[in-house]
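Working notes, structure below.
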Amino acid sequence: GDTCAVALRMAVDELHGPLGITADGEGRDIVAMLADLPDLWDVNLAGALGNDSKSARFSPEGFQEDYIRFVKGLSGKPVVSVGRFTSPERMVAQIKGGIQDFIGAARPSIADPFLPAKIREGRADEIRECIGCNICRAANNEGVSLRCTQNPTMGEEWRKGWHPERIAPHAPDKVLVVGAGPAGLEAALSLGRRGLEVSVAFAERQAGGRINRESTLPGLATWGRVRDWRLTMLAKLPNVTLYPESAMSADDVAGFGADHVVLATGSVWRRDGVGVLGMTPRAFAGALTPDDIFAGAKVSGPVVIYDDEHYFMAGALAERLAGQGHDVTYVTPQNMVSAWTVYTDEQGFVQARLIEAGVKLQVARYVTGWADGAVVAECAYTGRDLPAVPCGTLILATGRVPVDGLYHALNGRVASLARVGDCLMPSSMADAIYSAHAYARELGEAPQPLRRELPPHHGAV
């Protein structure tokens with residue numbers, strides 16, 4: 001009858017070619033046959049979840065348009081689709097172009113639950129745009145609480161009572177934040193919103209820290225939104241001041257006279273090859289790290305990149321260097337490249353991209369030494385020596401260590417001292433931002449127990 005609307009969710013293309021449903025074959029035929037029977041067509045891609053929820057690294061905004069645009073021509077009922085739409089302009093173009101009637105925006109709504117309200121109220125510059133990193137997908141695949149790089153309150157609305165747009169005021173204490181990477185910018189913004197007087201000192205000319213480097217890698221330009229949104233919002237706060245090119249010593253910090261000092265000094269990549277799986281430090285004299293590559297270090301001869309971190313860095317560096325014409329070999333103790341990206345639904349795309357780029361892949365092996373123009377390795381399973389690999393430049397993408405010397409020099413000299421982000425524990429950008437937000441939100445607040453949907457039972461059941 002007319003008391004309940006029925007929406008039909010359908011993948012109009014499975015990306016299996018003629019062996020599956022395709023947008024110009026059975027997908028089109030199904031829509032044509034059903035036409036106006038559903039009250040709403042909800043159309044997308046399938047085949048694997050990674051195709052529907054592609055990261056920004058492997059797809060542009062609105063990447064599903066070419067597959068689903070035919071639907072409105074076959075049905076008079078409303079159509080909705082997805083494609084990681086983040087900009088209001090692109091959303092409006094979809095509607096005015098007759099491609100869909102309204103926008104499906106799951107990941108963009110995770111990054112900013114108030115996205116529609118900000119569009120409606122003319123506050124588009126305040127939209128916290130999704131960066132397409134798929135950390136939210138990783139949380140789902142790992143079976144842990146949902147998280148988001150851009151929005152640290154995601155998943156904590158009930159458990160901790162964190163609101164994405166509101167934060168409790170604080171006395172106008174004076175705060176010094178040292179460092180302006182993702183954690184430093186998040187700490188400054190959240191503390192500023194609470195009404196504290198915030199000074200942000202950082203050694204570089206441009207704020208952003210690791211964002212400035214990582215967003216230059218292939219496909220990761222959208223990660224710069226983490227920096228840009230926070231700088232945009234900080235510019236709206238008269239109680240926050242940024243001081244670029246202002247390296248701080250322990251004496252400088254102690255003499256600043258701040259009521260609270262927050263250190264967000266980041267981390268550096270290890271040079272001893274210690275990573276996730278191979279935990280024995282080794283001597284690799286002359287080897288480079290990602291930090292060196294970003295700093296412009298010369299790369300010559302055959303390049304070997306050793307990945308024992310297993311996220312995006314080694315694979316993205318291999319892709320960049322191969323694109324610059326280098327002979328690149330990627331080595332990892334895992335059985336696949338960038339193994340952790342299984343959780344972000346990117347692993348298959350990473351491995352395919354490296355194969356297409358001509359990168360040689362050597363998996364299930366530990367790099368044990370580098371001498372006489374060759375890297376030596378052993379089987380990750382048997383420990384047997386493997387044939388040497390010619391190597392003019394060895395790049396170690398294994399683990400990171402905190403840059404925490406300033407913290408130890410200040411410990412005991414400053415009454416209220418804290419570390420946030422990679423300075424506390426090197427991890428993902430999402431974790432760094434969460435760490436900083438938690439510090440800023442909980443400063444001066446009484447500890448609160450985590451709320452649970454079901455209270456614990458006491459006594460007999």
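Values in this document were obtained by computation on a predicted structure and should not be read as measured data.
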Polar side-chain atom of [X] near backbone of [Y] as donor-acceptor pair, under 3.5 Å:
| X | Y | value |
| --- | --- | --- |
| Asp173 | Leu196 | no |
| Thr265 | Val403 | yes |
| Arg107 | Ser53 | yes |
| Ser109 | Ala105 | yes |
| Trp162 | Ile167 | no |
| Tyr407 | Leu424 | no |
| Thr22 | Gly25 | yes |
| Asn151 | Asp112 | no |
| Gln64 | Asp52 | yes |
| Gln334 | Val363 | no |

More than 12 foreign heavy atoms under 6.0 Å from [atom1] of [X]: is that the case here?
| X | atom1 | answer |
| --- | --- | --- |
| Phe63 | CZ | yes |
| Glu65 | CD | yes |
| Tyr67 | OH | no |

Checking side-chain polar atoms at under 3.5 Å, does [X] have a donor or acceptor matched by the opposite partner on [Y]?
| X | Y | value |
| --- | --- | --- |
| Arg320 | Thr216 | yes |
| Glu346 | Ser55 | yes |
| Gln448 | Arg159 | no |

Would you compute the distance between atom [atom1] of [X] and atom [atom2] of [Y] and round it to the nearest 0.5 angstrom?
| X | Y | atom1 | atom2 | result |
| --- | --- | --- | --- | --- |
| Thr332 | His310 | OG1 | NE2 | 4.5 Å |
| Leu443 | Leu191 | CG | CG | 6.5 Å |
| Glu142 | Thr344 | CD | OG1 | 9.5 Å |
| Trp223 | Asp228 | CH2 | CG | 15.0 Å |
| Asp42 | Asn44 | CG | CG | 6.5 Å |
| Leu34 | Asp29 | CG | CG | 11.0 Å |

Closest heavy-atom contact between [X] and [Y]?
| X | Y | value |
| --- | --- | --- |
| Thr341 | Ser338 | OG1-O, 2.5 Å |
| Pro113 | Pro164 | CG-CG, 4.0 Å |
| Leu354 | Glu319 | CD2-N, 3.9 Å |
| Leu185 | Ala180 | CG-O, 3.5 Å |
| Ala287 | Asp292 | O-OD2, 4.3 Å |
| Ser75 | Asp36 | OG-OD1, 3.2 Å |

With the side chain counted from C-beta on, respond yes when [X] and [Y] share a heavy-atom pair under 4.5 Å apart, and no when they do not.
| X | Y | value |
| --- | --- | --- |
| Arg419 | Pro402 | no |
| Leu450 | Lys160 | yes |
| Thr153 | Arg441 | yes |
| Leu217 | Met313 | yes |
| Thr86 | Arg225 | yes |
| Arg270 | Leu396 | no |
| Pro244 | Phe202 | yes |
| Met233 | Arg128 | no |

Under the criterion side-chain contact (heavy atoms from CB on, under 4.5 Å), I'd like the reasoning laid out for Gln94 against Ser81: C-alpha separation, chi angles, the key distance, then a yes or no. CA-CA 10 Å; Gln94 290 283 300; Ser81 186; over 6 Å; no

Report the C-alpha separation of Val226 and Glu214 in whole Å, then their side-chain angles, then the decisive distance to 0.1 Å, and conclude whether the side-chain contact (heavy atoms from CB on, under 4.5 Å) test is met. CA-CA 11 Å; Val226 171; Glu214 294 172 2; over 6 Å; no

With ring centroids as reference points, do His163 and Phe114 lie under 6.0 angstrom apart?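 Judged by ring-centre distance (under 6.0 Å), His163 and Phe114 do meet the cut-off.
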
Ring-ring centroid check Phe294 Trp269, cutoff 6.0 Å: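 Between Trp269 and Phe294, which both carry aromatic rings, the centre distance is not below 6.0 Å.
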
Using a strict cut-off of less than 4.0 Å between a Lys/Arg side-chain nitrogen and an Asp/Glu carboxylate oxygen, indicate whether Arg84 and Glu61 qualify as a salt bridge.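 Salt bridge: no.
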
Ion pair check, Lys77 and Asp101, cut-off under 4.0 Å: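 No.
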
Indicate the ring-plane relationship of Tyr311 and Trp340, choosing parallel, tilted or perpendicular according to the 30° and 60° boundaries.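 Taking Trp340 first and then Tyr311, their aromatic rings stand perpendicular (interplane angle over 60°).
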
Checking Tyr243 against Met248 for the side-chain contact (heavy atoms from CB on, under 4.5 Å) test, could you report, in this order, the C-alpha distance in whole Å, the side-chain angles of both residues, the deciding distance, and whether it holds? CA-CA 11 Å; Tyr243 297 95; Met248 302 288 284; over 6 Å; no

Run the numbers on Gln150 and Ile110 for side-chain contact (heavy atoms from CB on, under 4.5 Å), then give the verdict. CA-CA 9 Å; Gln150 278 281 59; Ile110 292 171; over 6 Å; no

Run through Arg194, Arg230, Lys236 and flag the one making a side chain to side chain contact (heavy atoms under 4.5 Å, CB included) with Leu189.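 Single side chain to side chain contact (heavy atoms under 4.5 Å, CB included) partner of Leu189 among Arg194, Arg230, Lys236: Arg230.
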
